Amino acid sequence: MRYELVIFDNDGVLVDSEPISNTLLAGYLTELGHPTSYEDSLRDYMGAAMHRVHDLVLERTGERLPDDFDDVFHGRVFTAFERELKPVPGVVDVLEKLTADGVPYCVASSGSHERIRVGHRTTGLDTWFGEGRVFSSEDVGRGKPAPDLFLYAAERMGVAPEKCLVIEDSPLGVQAAVAAGMDVYGFTAMTPAERLDGSFALFQDMRELPGLLG
């Protein structure tokens with residue numbers, strides 16, 4: 001394989017969390033007086049760190065979200081994860097192939113470390129992502145679309161950016177990978193292909209990825 005490290009986004013790529021979290025985010029924002037549809041949430045916040053939610057609401061309305069917004073939201077998300085969260089179909093096969101081929105991999109997510117760990121424990125993916133393989137926007141100053149998180153993950157894994165492949169399903173994530181000088185494969189299960197402009201390749205079913213990896 002031409003790449004020395006595969007970096008996975010988490011939400012929507014490893015765990016099928018985007019429908020859950022965006023439904024809850026849209027509902028909570030609407031509850032607080034900021035009408036938001038599920039489609040609005042996907043468009044504006046999918047793949048982003050929580051600070052983007054605060055920034056956009058403040059920019060659009062001049063109002064700040066409550067100080068406990070993140071805690072309340074994550075509490076609702078974690079409760080829903082325990083009931084509903086599943087791994088993305090086919091992702092375990094991908095991880096098995098990478099392990100068999102001796103190709104290092106990690107996760108670099110806009111979500112918090114707690115959110116990543118809760119999702120992985122619930123779905124059983126924690127057995128694939130031990131210490132040293134999990135990176136969060138909490139680890140860097142700026143989340144996606146800034147390249148900082150992907151560059152940090154590559155540095156910690158000891159691989160040059162140009163030798164890394166990123167698996168992403170959000171426009172912000174694709175932008176971040178491109179800005180980091182990495183190839184990116186766009187996962188179009190939930191995101192129209194045209195919104196993942198800049199991807200080196202596109203695929204719709206995770207079960208296609210082993211063949212693309214070679």
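Predicted, not measured: the structure shown is a model, and the values here were computed from it. Below, all heavy atoms of this structure are taken into account, side chains as well, without hydrogens, waters or symmetry copies.
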Residues [X], [Y]: salt bridge by 4.0 Å N-O rule:
X	Y	result
Arg52	Asp44	no
Arg43	Asp40	yes
Glu59	Arg64	no

task = Test salt bridge (Lys or Arg N to Asp or Glu O under 4.0 Å) on Glu168 and Arg195 and set out the steps.
result = CA-CA 12 Å; Glu168 264 289 355; Arg195 294 198 65 212; over 6 Å; no
request  = Specify the closest pair of heavy atoms between Glu18 and Asp169, including all atoms of both residues, with the distance to one decimal.
outcome  = CG-OD2, 4.2 Å
ask   = Between the side chains of Tyr45 and Asn22, does any donor sit under 3.5 Å from an acceptor?
value = no
ask   = Measuring from Asp11:CG to Ile20:CD1, what's the distance to the nearest 0.5 Å?
value = 9.5 Å
Atom [atom1] of [X]: over 12 foreign heavy atoms under 6.0 Å:
X	atom1	value
Arg156	CZ	no
Asp67	CG	no
Asp197	CG	no

Under 3.5 Å, side chain of [X] to main-chain N/O of [Y], donor-acceptor pair present?
X	Y	value
His74	Asp70	yes
Ser170	Gly173	yes
Thr191	Thr188	no

query = Would the Phe135 and Phe150 ring centres measure less than 6.0 Å apart?
reply = no
task = List the steps, then state whether side chain to side chain contact (heavy atoms under 4.5 Å, CB included) holds for Asp16 with Thr123.
result = CA-CA 10 Å; Asp16 194 15; Thr123 59; over 6 Å; no
message = Under the criterion salt bridge (Lys or Arg N to Asp or Glu O under 4.0 Å), I'd like the reasoning laid out for Lys97 against Asp101: C-alpha separation, chi angles, the key distance, then a yes or no.
response = CA-CA 6 Å; Lys97 174 177 173 53; Asp101 291 348; 2.9 Å; yes
query = What's the verdict on side chain to side chain contact (heavy atoms under 4.5 Å, CB included) for Arg115 and Asn10, showing C-alpha distance, side-chain angles and the deciding distance?
reply = CA-CA 10 Å; Arg115 176 180 173 131; Asn10 188 56; 5.6 Å; no
query = Which class fits the ring pair Phe200 and Tyr185: parallel under 30°, tilted 30 to 60°, perpendicular over 60°?
reply = parallel
